[in-house]
Amino acid sequence: MVKKEVEPLLKRVQKPAAYTGGELNSVIKDKNSVKLRYAFCFPDNYEIGMSHLGLKILYGLVNDREDAWCERVFAPWEDMEALMRENNIKLYAHESGDSLDEFDLIGFTLQYELSYTNVLNMLDLGGVPVLKKDRRTLTPIVIAGGPCVCNPEPMADFIDIFLPGEGEEVTNELVDLLIKHKEMGSTRLEFLREAAKIDGVYVPEFYDVEYNADGTVKSITNRETAPAKVKKRVISDLDTAFYPKDFVVPFIDVVHDRTVGEVFRGCIRGCRFCQAGFIGRPIREKSPEVINGQCRAISDATGYDEISLCSLSTSDYTKIDKLIPMLFDWALKENINVALPSLRVDNFSDELLEELKKIRRSGLTFAPEAGTQRLRDAINKNVTEDEVLNTAKKAFEGGWTAVKLYFMMGLPTEELEDIAGIADLAQKVVDLYYSNPNKPKGKAVTVSVSCASFVPKPFTPFQWEPQDTADMLQEKQKHLMESVKSRKISVSYHQSNTSVLEGVFARGDRRLGEVIYKAWQKGCKFDSWDEFFNFDNWLEAFAECGLTTEFYANRRREYDEILPWDHMDYGIRKEFLIEESKKAHKSETTPHCRIKCAACGANRLNGGKCDARK
């Protein structure tokens with residue numbers, strides 16, 4: 001709901017519908033009849049935030065309660081923010097139009113490190129003290145969840161509570177506790193002390209960090225009611241876990257505007273670079289009947305004409321052969337397309353391939369990740385060149401004409417010949433298409449190569465590795481472009497300086513809070529957007545704080561070094577990660593979880609259960 005003072009501004013911005021609220025299925029409540037108000041903040045623009053499944057789940061979860069009201073808040077684009085500051089209008093929630101400082105609980109999802117300055121900017125624009133030490137009253141309490149929370153330390157100056165792991169259960173527990181303390185008239189400290197006792201709650205205020213003379217962490221000591229190790233929360237049974245019956249339908253196009261069916265969490269593959277695959281463990285699958293029912297309910301409530309199945313590797317869902325026909329049975333009759341991201345065609349039966357021919361064909365996506373077999377073995381991709389080509393062959397025979405290949409550069413042990421191997425593999429896919437006697441007449445093949453820059457992340461076997469410098473990455477990008485010989489191959493890659501900054505904050509410590517604060521004061525925001533990113537401002541902030549990007553990004557850690565996130569417990573044993581790291585340097589692979597359990601340890605957070613185990 002837009003307030004009167006906002007209305008005149010909307011005709012002066014590019015996308016006014018991103019600031020109005022009032023969308024189909026948005027939830028409006030009487031604020032005087034609820035005991036707690038929760039602002040779910042996505043630290044990026046409306047189009048990206050409205051595509052996020054986590055927002056949809058927690059929005060529905062909190063609004064399912066009679067005593068609480070959850071509203072959505074997004075980072076305004078530059079044109080809207082300038083008008084809001086010029087007219088003294090605070091950042092407001094879409095549902096009520098009330099400013100951020102009127103809420104009891106302010107929750108941010110930290111999906112990527114380059115959103116950190118947007119968190120500061122949104123708090124400031126919403127009238128909330130940016131530094132947690134300046135918040136003296138019980139509310140608002142600022143919390144954060146999401147994948148970046150596995151190393152929350154760079155944001156510890158700004159966030160009162162971090163929620164490592166999955167939020168469906170702990171959110172309700174935190175809401176219950178804050179309602180209780182509001183009614184008791186408690187102080188902020190009294191609330192935080194009790195919150196720290198909840199499994200899956202990290203209160204950084206109750207941990208002291210000391211540093212060695214060389215800048216490495218000397219010790220992390222817990223105080224008050226805080227545990228020595230904070231365990232991530234795990235939802236044991238996805239079939240009974242909360243899932244929304246509808247989605248808010250935006251007025252404008254957003255990145256992913258469709259029904260989303262989550263099929264399972266975690267990943268069996270064990271790719272050594274992939275943080276999501278490790279921190280999402282243990283593996284837990286939903287039943288096909290539950291997925292089908294959830295997709296049907298959301299499609300009916302929204303009118304969406306596409307369903308997308310969500311997981312880290314959809315083809316690894318063990319009941320995919322049963323689920324797809326079940327969805328097709330009603331969706332295709334209603335002209336609803338079913339999109340299958342993370343698809344590996346070679347995983348499927350011939351019968352299922354026939355089923356897939358019934359849906360609209362988008363490009364086939366495949367992720368070899370590295371250009372040579374030696375490097376694929378080092379990162380434990382467990383994919384051979386023959387498997388890549390056989391997959392492409394099946395796709396071309398099935399009528400596909402577009403292939404997307406995802407790679408990384410800057411991987412540990414990588415050489416320039418591995419970079420050239422990316423172009424060689426893409427060329428082999430092109431040649432394979434033209435060797436197919438049944439290829440569609442008059443249709444050319446398109447092979448898109450997307451090359452991300454490798455960033456070492458916590459809770460992976462590569463968390464100790466040095467990251468390539470920007471100069472090293474640029475040299476490899478140049479070598480890749482020179483190695484591509486066909487116009488049928490298009491190449492895209494990431495800006496190297498943004499990858500450097502991502503690497504700094506992925507493995508950084510609390511001292512980076514001052515850097516983030518100074519960079520924000522210099523105007524840094526929307527750092528993941530090329531048109532906003534200003535690396536010079538960041539370098540100035542580092543210099544003023546007496547810190548360097550090289551110390552955090554380009555330095556090899558020893559196995560016995562205390563890491564800034566060592567007091568966070570995501571289930572993965574450090575000994576397992578060390579074993580995997582050593583195997584990487586010998587280009588030795590580890591079989592995926594369904595072939596042989598590698599004893600990563602994640603199942604202990606789920607009562608010993610993991611759906612990948614036989």
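Basis for what follows: all heavy atoms, side chains included, without hydrogens, waters or symmetry-related copies. Sequential numbering from 1 along the given sequence is applied to the chain's residues.
Atom CD of Glu78 is surrounded by 12 or fewer heavy atoms from other residues, nucleotides or ligands within 6.0 Å. Residue Lys229 places its NZ atom among more than 12 non-hydrogen atoms of other residues, nucleotides or ligands, all under 6.0 Å distant. Applying the 6.0 Å contact sphere to NZ of Lys231 captures no more than 12 heavy atoms from other residues, nucleotides or ligands.
Scored by the ring-ring contact (aromatic ring centres under 6.0 Å, His included) test, His94 finds Tyr46, Phe74 as partners (sequence neighbours excluded). Every ring-ring contact (aromatic ring centres under 6.0 Å, His included) that Tyr207 has, sequence neighbours left out, goes to Tyr202, His567. Listed by chain and number, the residues in a ring-ring contact (aromatic ring centres under 6.0 Å, His included) with Phe278 amount to none (sequence neighbours excluded). Phe191 pairs by the ring-ring contact (aromatic ring centres under 6.0 Å, His included) definition with His181, not counting sequence neighbours. Every residue meeting the side chain to side chain donor-acceptor pair (under 3.5 Å) condition with Lys574, not counting sequence neighbours, appears here in chain and number order: Asp566. Partners of Asp160 according to the side chain to side chain donor-acceptor pair (under 3.5 Å) rule, which considers only residues two or more places apart in sequence or in another chain, are Arg135, Arg188. Among residues two or more places apart in sequence or in another chain, the side chain to side chain donor-acceptor pair (under 3.5 Å) test is passed with Glu169 by Arg233. Among residues two or more places apart in sequence or in another chain, the side-chain contact (heavy atoms from CB on, under 4.5 Å) test is passed with Lys522 by Asn537, Glu540, Ala541, Glu544. Ser496 is linked by a side chain to side chain donor-acceptor pair (under 3.5 Å) to Gln474, counting only residues two or more places apart in sequence or in another chain. Not counting sequence neighbours, the partners of Cys267 by the side-chain contact (heavy atoms from CB on, under 4.5 Å) test are Arg269, Leu312.
Met409 contributes atom CE, which lies 12.0 Å from atom CE of Met472 (distance to the nearest 0.5 angstrom). Interatomic distance, CZ of Arg557 versus CG of Leu563, reported as 7.5 Å (0.5 Å rounding). In this structure, CG in Leu114 is found 5.5 Å from CG in Leu501, a value given to the nearest 0.5 Å. Rounded to the nearest 0.5 angstrom, Leu100 CG and Cys41 SG are separated by 4.5 Å. To the nearest 0.5 Å, the span separating OG1 on Thr139 from CG on Leu178 amounts to 7.0 Å. Atom CG in Leu577 sits 11.0 Å away from atom CZ in Arg272 (nearest 0.5 Å).
With hydrogens and angles left out, the side-chain atoms of Ser99 and Glu102 include a donor and acceptor closer than 3.5 Å. One side chain, Tyr552 or Arg511, offers a donor N or O that lies under 3.5 Å from an acceptor on the other.
Identified under the side chain to side chain donor-acceptor pair (under 3.5 Å) test for residues 114-131, with sequence neighbours left out: Glu81-Asn121, Arg85-Asn121, Arg85-Asp124, Thr117-Asp527, Asn121-Trp520. Annotation: salt bridge (Lys or Arg N to Asp or Glu O under 4.0 Å) contacts involving residues 196-214, sequence neighbours excluded, comprise Asp208-Arg223.
Ring planes of Tyr38 and Phe40: tilted class, angle from 30 to 60°.
Residues Asp44 and Gln111 have side chains not in contact (no heavy-atom distance under 4.5 Å, counting atoms from C-beta outward). Residues Leu189 and Phe206 form a side-chain contact, since some pair of their non-hydrogen atoms from C-beta on lies under 4.5 Å apart. Side-chain contact between Pro164 and Val149: present, with at least one pair of heavy atoms (C-beta onward) separated by less than 4.5 Å.
When atom types are taken as modelled, the side chain of Thr589 and the backbone of Asp377 share no donor-acceptor pair closer than 3.5 angstrom. Side chain of Arg72 to backbone of Val248: no donor-acceptor contact under 3.5 angstrom is found. A donor-acceptor pair is defined here as one N or O able to donate and one able to accept, closer than 3.5 Å; such a pair exists between the side chain of Asn45 and the backbone of Ile48. Side-chain atoms of Gln467 come within 3.5 Å of backbone N or O of Ser499 as a donor-acceptor pair. Between the side chain of Lys525 and the main chain of Ala75, no donor-acceptor pair closer than 3.5 Å is present. Between the side chain of Asn380 and the backbone N or O of Thr590 there is at least one donor-acceptor pair closer than 3.5 Å. With hydrogens and angles disregarded, a donor-acceptor distance shorter than 3.5 Å links the side chain of Thr171 to the backbone of Gly167.
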- Steps toward side-chain contact (heavy atoms from CB on, under 4.5 Å) verdict (Phe542, Thr549): CA-CA 7 Å; Phe542 275 96; Thr549 59; 3.8 Å; yes
- Task: Could you walk me through whether Lys457 and Glu113 pass the salt bridge (Lys or Arg N to Asp or Glu O under 4.0 Å) test, one step at a time?
- Result: CA-CA 11 Å; Lys457 293 291 181 87; Glu113 290 84 358; 3.5 Å; yes
- Message: Please determine whether side-chain contact (heavy atoms from CB on, under 4.5 Å) holds for the pair Ile572 and Cys600, giving the CA-CA distance in whole Å, both sets of side-chain angles, and the decisive distance to 0.1 Å.
- Response: CA-CA 5 Å; Ile572 308 296; Cys600 71; 3.9 Å; yes
- Query: Does the side-chain contact (heavy atoms from CB on, under 4.5 Å) test come out yes or no for Phe407 and Val449, once each step is laid out?
  - Reply: CA-CA 7 Å; Phe407 295 91; Val449 171; 3.8 Å; yes
- Task: Please assess Phe42 against Thr109 for the test side-chain contact (heavy atoms from CB on, under 4.5 Å), listing each intermediate value before the final yes or no.
- Result: CA-CA 6 Å; Phe42 196 94; Thr109 178; 3.4 Å; yes
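Minimum interatomic distance between Ala452 and His494 (heavy atoms only, all atoms of both residues): CB-CE1, 3.6 Å. Considering every non-hydrogen atom in both Ile159 and Lys132, the closest pair reads O-CD, 3.5 Å. Minimum heavy-atom separation, Ala378 to Phe462: O-CZ, 3.9 Å. Looking at every heavy atom in both residues, Pro458 comes nearest to Ala506 through CG-O, 3.1 Å. For the pair Thr372 and Gly421, the tightest heavy-atom approach, listed with the atom from each and the gap, is CG2-CA, 4.5 Å. Closest approach of Gly410 and Phe454 over heavy atoms only: O-CD2, 3.3 Å.
A salt bridge between Glu580 and Arg573 is absent, with no side-chain N of the basic residue lying under 4.0 Å from a carboxylate O of the acidic one. A salt bridge links Glu561 to Arg555: at least one charged side-chain nitrogen sits closer than 4.0 Å to a carboxylate oxygen. Comment: Glu465 does not engage Arg507 in a salt bridge, judged by the lack of any side-chain N to carboxylate O separation of less than 4.0 angstrom.
A cation-pi arrangement is present between Arg37 and Phe103 under the rule of less than 6.0 angstrom and at most 45 degrees off the ring axis.
In this structure, the ring of Trp77 has its center no less than 6.0 angstrom from the ring center of Tyr19.
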